[in-house]
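Within every chain, numbering begins at 1; the chains are lettered A, B, ... in the order of the sequence lines, protein sequences first and strands thereafter. The structure displayed is predicted, hence computed values, not measured ones.
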Amino acid sequence: MKNSAIAKVFQDIADLLELKGEIPFKIRAYQKAARAIEHSPTEIEQMVKEGGDLRGIPGVGEAIAKKITELVTTGHLRYYDELRAEFPEGISTLLDIPGVGPKIAIRLCNELGVNSIEDLEAAVVDGRVASLYRLGDKVAENILRQIQAMRTKERRIPIGEALPVVEEVMAELQGYARLRNLTTAGSLRRFRETVGDIDLMGTADDRERILSAFVGLPQVKEVLAKGGTKASVLVPGDLQIDLRLVDHDCFGSLLQYFTGSKQHNIILRERGHRQKLKLSEYGIANLDTGVLEKFTTEEAFYERLGLQFIPPELREGQWEVERAEQNAIPRLIEMGDLRGDLHVHTDWSDGHESIEAMALAARARGYEYIAITDHSAGRGIAHGLDEERLRRQMAEIGELDERMDGIHILAGIEVDIRADGTLDLPEELLSQLDIVVAAVHSAMNQEQEKMTNRILRAIRNPHVDVLAHPTCRLLGEREPIMVDIEAIFRAAAETNTALEINAMPSRLDLKDIHVLRAKELGVKLIIATDAHSSSQLDLIRFGVGVARRGWCEARHILNTRPLEEMEAFLKR
DNA sequence: GCCGTTTTCGGCCCGACTGTTTTCAGTCG
């Protein structure tokens, strides 16, 4: 049973307890545990099998640990089943509607017999909802609007789609000299793989003018709201962007607050409480005297709490506050640490530009080296290289490498891992390359054991240096392959095979919690773009974001090393 | 239900907005 499935059960329990009117603290305990399970870098099922102590997971105590064990070992949880039996099927889907919480949901169910979104829609339309005590026309209207919005609105948007749009908007706003401190907040700033609405923040003395300029930008498709300090707009792709202008003297605490995550802020506030401090978006107040201290920067805010600064990517409410207390937040990897890209394509296979063009683009980005890794001829992959063409490409790369200054070009391949775990090119040829990147591109529906063995076989192949996009997921499009990821990590660590953090925004594979776990197990990682054109080399920053979310320092990432050191690690 | 340089019992983050009411409950982030 996957962590996400376990987490869902506990989130469901929290919802049901809310409907039941349980005390809020108990509900919060289940929510907290659900979130911690979801973010856990280790497979809970594995922990249970090995008899590990689940209470090491933050928010999991004796009772929840017992429930997790029952759920994972039997596939069922009696407590959950009994809870569900108390309510009509489908009532918790009402909670998905913004504006409908547990109190309203339970009344809709009890007083109107509503237990699905369709029922509710009908009840709004015929006026029954508005007739309930303490509800009215406005509430009913809002429910209807939200239901309709849910049907048309996109899911959360991949960060790779959102960030470029937001940056375009930010670039236009930068022209206003009176707008200062313009920055993103929320999950976008934390570099989560998908984002909901976008929050921009800044400070300005002439707010009215800046907000008018914002809603008048050419990208704006629709203005949702505009007030004295905040405006919301829709840009193409149905992305909602909010711009919030605040007073300069509280900018630090406001940015901290709006960056989140919610759980991170809860932990900070609980901790503050113990120090007789009350934290809010306006600053830090002394609980005894009520005196409020304001902060212009986040750094000052964390410092006042006796904490090391915590980079936004780490603020997920796991262990980051504890670590900051111990001054144990590492210097995370930064873009400038990278010395090369180790997975790119050219027009020899399905890329769009020549080897030389890719090399020049890498040099322009300050890289020391670039590895050309076109596809092998594996079934289904466009223009993959067979033995003969690969030999010709190797010769061309050698020649170019000789001729070009300021960049080393490595001859490589992205070789297909066949369904049985063998590689798509003869080993003798692979042994002559500078780098071999192996990847699964076909037969992705294999059952877990078969898939795991297939990949293990490739990892153990002495010619394979890197396993690319290890789980093969495509965000929002294709589920990850079924694989025992822990076994992959252990084999990779054992054989010195690097795992890739594929920076392509549709992949981001490995993902953050996998990176964290792999790093713990001593697996070496690379960050690579899988670029199919020179401009895609810039996508590397999304990989850096994932690595930072996985607490990676430069030393954990192989392509931060100088060429010789990096090559020494490869099994050549 | 969790958790502890306040506590093994008694606490548990904080503020804003909205709609419906005459003082607040519910929801959200």
Can you tell me if Glu70(A) uses its side chain to pair, donor with acceptor, with the backbone of Arg78(A) under 3.5 Å? yes
Looking at CE of Met201(A) and OH of Tyr257(A), how far apart are the two atoms once the value is rounded to the nearest 0.5 Å? 10.5 Å
Just the rounded figure in Å: distance from C1' of dG15(B) to CG of Leu292(A). 13 Å
So what does Asp137(A) touch, heavy atoms closer than 4.0 Å: a base, only the sugar-phosphate, or nothing? sugar-phosphate
On DNA chain B, compare the nucleotides closest to Lys138(A) and Pro98(A); which residue's is nearer the 5' end? Lys138(A)
CD of Glu141(A) versus P of dT18(B): gap in Å, rounded? 15 Å
What class does the angle between the rings of His514(A) and Phe489(A) fall in, given that below 30° is parallel, 30 to 60° is tilted and above 60° is perpendicular? perpendicular
So, the side chain of Ser261(A) versus the backbone of His264(A): is there a donor-acceptor pair under 3.5 Å, distance only? yes
Counting only side-chain N and O atoms of Tyr282(A), is one of them less than 4.0 Å from OP1 or OP2 of dA16(B)? yes
Once you apply a heavy-atom cut-off of 4.0 Å, does Ile27(A) come out as touching a base, just sugar-phosphate, or nothing? nothing
Output for pair (Phe301(A) CZ, Lys294(A) NZ), nearest 0.5 Å, gives 14.0 Å
Supply the atom-to-atom distance Gln46(A) CD to Glu486(A) CD, rounded to the nearest 0.5 angstrom. 5.0 Å
Nearest-Å distance, CG (Asp242(A)) to C1' (dA16(B))? 15 Å
Asp199(A) CG to dC28(B) P, in whole Å, measures 17 Å
Check every strand shown and say whether Ile106(A) touches a base, only sugar-phosphate, or nothing at a heavy-atom separation below 4.0 Å. nothing
Taking atom P in both dT27(B) and dT20(B), compute the distance separating them and give it to the nearest angstrom. 14 Å
What is the separation between atom CZ on Arg107(A) and atom C1' on dA25(B), rounded to the nearest whole Å? 11 Å
CD1 (Ile117(A)) and CG (Leu94(A)) are apart, to the nearest 0.5 Å, by 6.5 Å
Can you tell me how far C1' of dG29(B) sits from CD of Gln263(A), to the nearest Å? 13 Å
Taking dC17(B) as the reference, what is the distance to dT23(B) when you measure between their P atoms (whole Å, please)? 23 Å
State the pairing partner of dT8(B); accept Watson-Crick or G-U wobble contacts with both distances under 3.5 Å, and report none otherwise. none
Give the rounded distance in Å between these two atoms: NZ of Lys67(A) and C1' of dG1(B). 8 Å
Check nucleotides 2-5 of chain B for protein N or O atoms closer than 3.5 Å to its own N or O atoms and list the pairs.
{"unit_1": "dC2(B)", "atom_1": "OP1", "unit_2": "Gly61(A)", "atom_2": "N", "d": "2.6"}
{"unit_1": "dC2(B)", "atom_1": "OP1", "unit_2": "Gly61(A)", "atom_2": "O", "d": "3.4"}
{"unit_1": "dC2(B)", "atom_1": "OP1", "unit_2": "Ile64(A)", "atom_2": "N", "d": "3.2"}
{"unit_1": "dC2(B)", "atom_1": "OP2", "unit_2": "Ala63(A)", "atom_2": "N", "d": "3.4"}
{"unit_1": "dC3(B)", "atom_1": "OP1", "unit_2": "Gly59(A)", "atom_2": "N", "d": "3.0"}

Whole-Å C1' distance, dC14(B) and dT7(B): 23 Å
What's the gap between dT21(B) and dA16(B) when it is taken at their P atoms, as a whole Å value? 25 Å
For the P atoms, the ones on dT5(B) and on dG1(B), what distance do you get once it is rounded to whole angstrom? 23 Å
If we ignore angles and hydrogens, is there a donor and acceptor under 3.5 Å between the side chains of Tyr30(A) and Lys67(A)? yes
What's the gap between dC13(B) and dT22(B) when it is taken at their P atoms, as a whole Å value? 30 Å
For nucleotides 12-14 of chain B, give me every protein contact, N/O to N/O, under 3.5 Å, one pair per line with atom names.
{"unit_1": "dC13(B)", "atom_1": "OP1", "unit_2": "Arg28(A)", "atom_2": "NH1", "d": "2.2"}
{"unit_1": "dC13(B)", "atom_1": "OP2", "unit_2": "Arg28(A)", "atom_2": "NH1", "d": "2.8"}
{"unit_1": "dC13(B)", "atom_1": "OP2", "unit_2": "Arg28(A)", "atom_2": "NH2", "d": "2.5"}
{"unit_1": "dC13(B)", "atom_1": "OP2", "unit_2": "Glu270(A)", "atom_2": "OE2", "d": "2.3"}
{"unit_1": "dC13(B)", "atom_1": "O2", "unit_2": "Arg269(A)", "atom_2": "NH1", "d": "2.8"}
{"unit_1": "dC14(B)", "atom_1": "O4'", "unit_2": "Arg269(A)", "atom_2": "NH1", "d": "2.8"}
{"unit_1": "dC14(B)", "atom_1": "O2", "unit_2": "Arg269(A)", "atom_2": "NH1", "d": "3.4"}

dG15(B) P sits how many Å from Lys230(A) NZ, rounded? 19 Å
Output, in order, the C-alpha distance, side-chain angles, deciding distance and verdict of side chain to side chain contact (heavy atoms under 4.5 Å, CB included) for Arg151(A) and Glu121(A). CA-CA 12 Å; Arg151(A) 291 206 176 117; Glu121(A) 192 174 17; 3.0 Å; yes
With rounding to the nearest 0.5 angstrom, report the CG to CD distance, Leu475(A) to Glu477(A). 9.0 Å
Reckon Pro24(A) touches a base, only the sugar-phosphate, or nothing at all at heavy-atom distances under 4.0 Å? nothing
Is it true that, when you exclude Lys66(A) itself, more than 12 heavy atoms of the residues, nucleotides or ligands shown sit nearer than 6.0 Å to its NZ? no
5' priority, DNA chain B, between Arg134(A) and Gln275(A) [closest heavy atom]: Gln275(A)
